[in-house]
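Positions are given from 1 along the sequence. Just so it is clear, the values below take in all heavy atoms, side chains as well, and ignore hydrogens, waters and symmetry mates.
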Amino acid sequence: MKLIHGTEQHGMGTKSGSQFTGSVNSYLVMPATDGVVVNTVNFNPGARTFWHEHERGQILQVLAGEGVVCTDADGIRRLRAGDTVWCPPGERHWHGAAPDSYMVHTAISLGTTVWAEEVSQEEYEAPQSEEAPQSEGER
């Protein structure tokens, strides 16, 4: 077991560039441990990640505000506080704040992250996909 007390967190930093478009504050909750990294990220309106994928998947837990997540297969979906997203291993995606809202999420990244190109403004502003029907198990 590894216990990381809140008072021993591994730092906060403002990030722009690198793998983000716009301004974000990223708080490293747990540095790489057994291939798992946990970050809490505050995205300013319009800020977003670059396209990327994770070797063993990623879990996003939206804590506050509203945002968007996009995959090649599903298009853009709106996120709200309380939503949880599972991106399976190797699924190319990006995520960030809505144009008119900040968003705070905790990201649990499993395995290596492979970063790709920046999300263009045209991609970011594309119409959102309709919500997929819920499966029997989701109702």
Side-chain angles (χ1 to χ4, degrees):
M1 174 171 60
K2 182 173 187 172
L3 172 61
I4 302 169
H5 294 284
T7 57
E8 298 169 2
Q9 299 287 347
H10 292 277
M12 180 169 183
T14 301
K15 290 187 176 182
S16 8
S18 68
Q19 293 90 18
F20 295 94
T21 298
S23 180
V24 303
N25 291 309
S26 180
Y27 193 75
L28 183 59
V29 176
M30 184 179 82
T33 304
D34 297 329
V36 178
V37 176
V38 181
N39 284 296
T40 296
V41 184
N42 183 346
F43 294 84
N44 286 337
R48 55 200 180 267
T49 68
F50 281 22
W51 283 100
H52 62 284
E53 60 187 70
H54 303 273
E55 175 185 21
R56 294 187 349 243
Q58 184 179 49
I59 300 163
L60 304 173
Q61 178 64 53
V62 182
L63 304 175
E66 293 191 10
V68 291
V69 61
C70 180
T71 68
D72 284 327
D74 297 318
I76 299 174
R77 299 287 176 84
R78 189 78 170 200
L79 299 173
R80 293 172 181 82
D83 289 349
T84 300
V85 177
W86 167 242
C87 296
E91 180 175 61
R92 186 174 133 93
H93 66 284
W94 60 265
H95 39 94
D100 56 352
S101 177
Y102 72 95
M103 180 185 71
V104 179
H105 75 35
T106 295
I108 303 167
S109 302
L110 308 172
T112 303
T113 301
V114 178
W115 292 98
E117 73 276 9
E118 183 174 8
V119 174
S120 71
Q121 193 64 27
E122 182 178 274
E123 288 173 306
Y124 178 73
E125 293 174 350
Q128 294 178 19
S129 300
E130 293 297 317
E131 292 297 320
Q134 290 183 340
S135 69
E136 192 74 24
E138 293 177 317
R139 291 184 199 161

* To do: Show the numbers, then the answer: is there a side chain to side chain contact (heavy atoms under 4.5 Å, CB included) between Phe43 and Ser23?
  => CA-CA 6 Å; Phe43 294 84; Ser23 180; over 6 Å; no
* Asked: Going from CZ on Arg56 to CD1 on Ile108, what distance comes out if it is rounded to the nearest 0.5 angstrom?
  -> 12.5 Å
* Asked: Do Thr40 and Val104 have side chains that get closer than 4.5 Å, going by heavy atoms?
  -> yes
* Side-chain donor-acceptor pair present, Thr113, His52, cut-off under 3.5 Å -> no
* Distance-only, no hydrogens or angles: does the Glu55 side chain make a donor-acceptor pair with backbone N or O of Thr112 under 3.5 Å? -> yes
* Asked: Do Ser129 and Asp74 have side-chain heavy atoms sitting under 4.5 Å apart?
  -> no
* To do: Would you check, one step at a time, whether the test side chain to side chain contact (heavy atoms under 4.5 Å, CB included) holds for Trp94 with Val69?
  => CA-CA 6 Å; Trp94 60 265; Val69 61; over 6 Å; no
* Trp51 and Glu123, any side-chain heavy atoms less than 4.5 Å apart -> yes
* Side chain proximity check, Glu66 to Arg78, heavy atoms < 4.5 angstrom -> yes
* **In one Ile/Leu/Val/Met/Phe/Trp/Tyr side-chain cluster, 4.5 Å: Tyr27, Leu63** => no
* Check step by step if side chain to side chain contact (heavy atoms under 4.5 Å, CB included) holds for Tyr124 and Ile76. => CA-CA 8 Å; Tyr124 178 73; Ile76 299 174; 6.0 Å; no
* From His105 NE2 over to Asp83 CG, what is the distance, rounded to the nearest 0.5 angstrom? -> 12.0 Å
* Asked: Applying the 4.5 Å side-chain criterion to the ILVMFWY set and letting contacts propagate, would Val29 and Val36 be lumped into a single cluster?
  -> yes
* Could you give me the CA-CA distance, side-chain angles and deciding distance for Val85 and Leu79, then say whether side chain to side chain contact (heavy atoms under 4.5 Å, CB included) is met? => CA-CA 9 Å; Val85 177; Leu79 299 173; 3.5 Å; yes
* **Separation between CD of Gln121 and CD of Glu118, rounded to the nearest 0.5 Å** => 9.0 Å
* Can you tell me how far the CG atom of Asn25 sits from the CG atom of Asn39, to the nearest 0.5 Å? -> 12.0 Å
* Glu122 atom CD, over 12 foreign heavy atoms within 6.0 Å -> no
* Nearest non-hydrogen partners of Glu117 and Phe50, listed with the distance -> O-CB, 3.5 Å
* Structure fact -> Of Leu28, Thr33, Thr106, Ile59, the one forming a side-chain contact (heavy atoms from CB on, under 4.5 Å) with Val38 is Thr106
* Is there a donor-acceptor contact under 3.5 Å linking the side chains of Gln61 and Thr84? -> yes
* Asked: If we ignore angles and hydrogens, is there a donor and acceptor under 3.5 Å between the side chains of Gln58 and Trp86?
  -> no
* **Over all atoms of both residues, closest heavy-atom pair of Val68 and Ala97** => CG2-O, 4.1 Å
* Structure fact -> Heavy-atom nearest pair, Glu91 first then His93, reads O-ND1, 2.9 Å
* Under the 6.0 Å and 45° cation-pi test, does Arg48 pair with Phe20? -> no
* Structure fact -> One should read off an interatomic distance between Cys87 SG and Arg92 CZ, to the nearest 0.5 angstrom, of 13.0 Å
* Asked: Is there side-chain contact between Val119 and Thr21, with at least one heavy-atom pair below 4.5 Å?
  -> no
* So which heavy atom on His54 is nearest to which on Ser109, and how close? -> CE1-OG, 3.6 Å
